[in-house]
Engineer: 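Handing you this structure, nothing more for now.
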Number of protein chains: 2
Amino acid sequence: MVQYVSSPLDRSFSALSDATRRGIIDQLGQGDTSISSLADQFQMTLTGMKKHVQVLQLAGLVVTQKVGRVRTCRLGKRGLKAEAEWIEAHRKLFEARFEALDELINDMKQEGSDESAS
Amino acid sequence: MVQYVSSPLDRSFSALSDATRRGIIDQLGQGDTSISSLADQFQMTLTGMKKHVQVLQLAGLVVTQKVGRVRTCRLGKRGLKAEAEWIEAHRKLFEARFEALDELINDMKQEGSDESAS
DNA sequence: TACATACTGAACCATATGGTTCAGTTTTAA
DNA sequence: TTAAAACTGAACCATATGGTTCAGTATGTA
């Protein structure tokens, strides 16, 4: 509903949420490729593939260049730095939470064994 | 269109593609919280917030437990390991591609300076 | 010149998404 | 026992998504 902004992180995580698009990135890691070649590999119409590439482009993950009649796609220089940073920071958050929980459990165990002494 | 499967990565990246949901994760990193408290903080109806939490739950990023009339949300033990791994592997792919490109450019420079000698 | 290739854009379709309201149910507290 | 609080579920709405087809345009090639 009325998508107000849509930050870079919104766009890149959204772009990565589709298996076909993750596959395109895999493919482009092997080397630059045309839209029609990608369409071929992923068994999809040219038009369909073009849409996927556009999503990746909007996310800055892929750049394209048209020379003659073929548009070549390659990985964007933007990379996945911001995404890696978000994920890494929050992976640590998850872990910290579980450590906190473990401590709580240990405290509870402690209290349990203290009961006879109180 | 007819979403065939929808892998765990699909679900988690999709869950992370919304700023509100990333905010919920931030929040839960600080401590467990009820749905209504989250709805309050993000200025949204209870029903709306419940949907966001459900998306995070389906992705395994959040677990909930209802005690009495309040449902408490906390970070799921699944964490962000798989996501971190995908991102990290592909971040390297991006970098490798640029190194390959740099080499190509260096080769071309080399050829350029060789021209007088050939 | 004529034909094939590679892309582009518009239109269409079914389903998903991100919200809302409204009408419940269950708990808790006065 | 009555009322408020916290959630739940159904229905609705506008827009987005992931595809398709069809009708172009531009570029290469025989």
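Throughout, protein chains are lettered first and strands after them, A, B, ... in sequence-line order, and every chain is numbered starting at 1.
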Engineer: Go through dT8(D), dA6(C), dG19(D) for me and flag the one nearest to the T20(A) side chain.
Structural biologist: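 Selected nucleotide: dG19(D).
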Engineer: Between dC7(D), dG19(D), dT8(C), which nucleotide gets closest to the side-chain atoms of K66(A)?
Structural biologist: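 Given the options dC7(D), dG19(D), dT8(C), the side chain of K66(A) is closest to dT8(C).
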Engineer: Is S34(A) touching bases, backbone alone, or none of the nucleic acid, heavy atoms closer than 4.0 Å?
Structural biologist: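 Sugar-phosphate, no base atom in range.
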Engineer: Answer yes or no: does a side-chain N or O of H52(B) lie under 4.0 Å from OP1 or OP2 of dT17(C)?
Structural biologist: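 Checking dT17(C) against H52(B), no side-chain N or O comes under 4.0 Å of OP1 or OP2.
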Engineer: Spell out yes or no: do the side chain of K50(A) and the base of dG9(C) have one donor N/O and one acceptor N/O closer than 3.5 Å?
Structural biologist: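 No such pair is found, so the answer is no.
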Engineer: So does E95(B) pair up with K92(B), basic N to acidic O under 4.0 Å?
Structural biologist: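 No.
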Engineer: Is the closest side-chain heavy-atom distance between L28(A) and L93(B) below 4.5 Å?
Structural biologist: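 Of all side-chain heavy-atom pairs linking L93(B) with L28(A), none is under 4.5 Å.
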Engineer: Checking S12(A) against E83(A): is there a side-chain donor and acceptor pair closer than 3.5 Å?
Structural biologist: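 Per modelled atom types, E83(A) and S12(A) side chains form a pair under 3.5 Å.
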Engineer: Can you measure D18(B) atom CG to dT15(D) atom P for me and round it to whole angstrom units?
Structural biologist: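 About 18 Å, once rounded to whole Å.
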Engineer: Quiz question: going by heavy-atom distance under 3.5 Å, is there a donor-acceptor pair between the base of dG9(D) and the side chain of T47(B)?
Structural biologist: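 By the distance-only test, yes, there is a pair.
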Engineer: Looking only at N and O atoms, is any donor in the side chain of R69(A) or the base of dA26(D) less than 3.5 Å from an acceptor on the other one?
Structural biologist: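 Counting by modelled atom types and ignoring angles, no donor-acceptor contact under 3.5 Å is found here.
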Engineer: What is the distance, rounded to the nearest whole Å, between atom CG of L16(A) and atom P of dT17(D)?
Structural biologist: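 Atom CG in L16(A) sits about 14 Å away from atom P in dT17(D).
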Engineer: Check every strand shown and say whether G68(A) touches a base, only sugar-phosphate, or nothing at a heavy-atom separation below 4.0 Å.
Structural biologist: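 Sugar-phosphate, backbone atoms only, no base.
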Engineer: For I35(B), answer base if it contacts any base atom (sugar-phosphate contacts may also be present), sugar-phosphate if it contacts only those atoms, and nothing otherwise; contact means non-hydrogen atoms under 4.0 Å.
Structural biologist: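 The answer is sugar-phosphate, as I35(B) gets under 4.0 Å only of primed atoms, P, OP1 or OP2.
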Engineer: Let's see if you can work this out: which of dG19(D), dT8(C), dA11(D) has an atom nearest to the side-chain heavy atoms of L46(A)?
Structural biologist: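 For L46(A), the side-chain atoms sit closest to dT8(C).
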Engineer: From CG of L38(B) over to C1' of dA6(D), roughly how many Å is that when rounded to an integer?
Structural biologist: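 My rounded result for the distance is 13 Å.
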Engineer: Would you kindly give the CE-to-P distance between M49(A) and dT20(D), to the nearest whole Å?
Structural biologist: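 Those two atoms, CE and P, are 10 Å apart.
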Engineer: Has the side chain of S37(B) got a donor or acceptor atom that lies under 3.5 Å from a matching backbone atom of T33(B)?
Structural biologist: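 No, the answer is negative, given that no donor and acceptor are paired below the 3.5 Å cut-off.
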Engineer: For Q54(B) and for Q43(A), find the nucleotide of DNA chain D with the closest heavy atom, then tell me which residue's nucleotide is more 5'.
Structural biologist: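 It is Q54(B), whose closest nucleotide lies nearer the 5' terminus.
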Engineer: Once you round it to whole Å, what is the distance between P of dT17(D) and CZ of R11(B)?
Structural biologist: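 So the two atoms are 19 Å apart, to the nearest Å.
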Engineer: Should the ring pair F13(B) and F13(A) be called parallel, tilted or perpendicular, given that the plane angle runs from 0 to 90° and is split at 30 and 60?
Structural biologist: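 Geometry flag for F13(A) against F13(B): parallel rings.
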Engineer: Taking CG from L56(B) and C1' from dT17(C), how many angstroms apart are they, rounded to a whole number?
Structural biologist: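 Roughly 14 Å, once rounded to whole Å.
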Engineer: Without decimals, in angstroms, what is the distance between R71(A) CZ and dA26(D) P?
Structural biologist: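 Result: 14 Å.
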Engineer: Figure out the CZ/P separation between R21(A) and dT17(D), and round it to whole Å.
Structural biologist: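 Nearest whole value for this atom pair: 8 Å.
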Engineer: For the pair R21(B) (side chain) and S14(B) (backbone), establish whether a donor and an acceptor sit closer than 3.5 Å, ignoring hydrogens and angles.
Structural biologist: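 Side chain of R21(B) to backbone of S14(B): a pair is present.
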Engineer: Using a cut-off of 4.0 Å on non-hydrogen atoms, how would the nucleic acid contact of T45(A) be classed: base, sugar-phosphate, or nothing?
Structural biologist: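 Base: the residue T45(A), judged by heavy atoms under 4.0 Å, touches a nucleobase.
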Engineer: Just compare dT20(C), dC7(C), dC7(D) and give me whichever is closest to any side-chain atom of K51(B).
Structural biologist: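 Among dT20(C), dC7(C), dC7(D), the one nearest the side chain of K51(B) is dT20(C).
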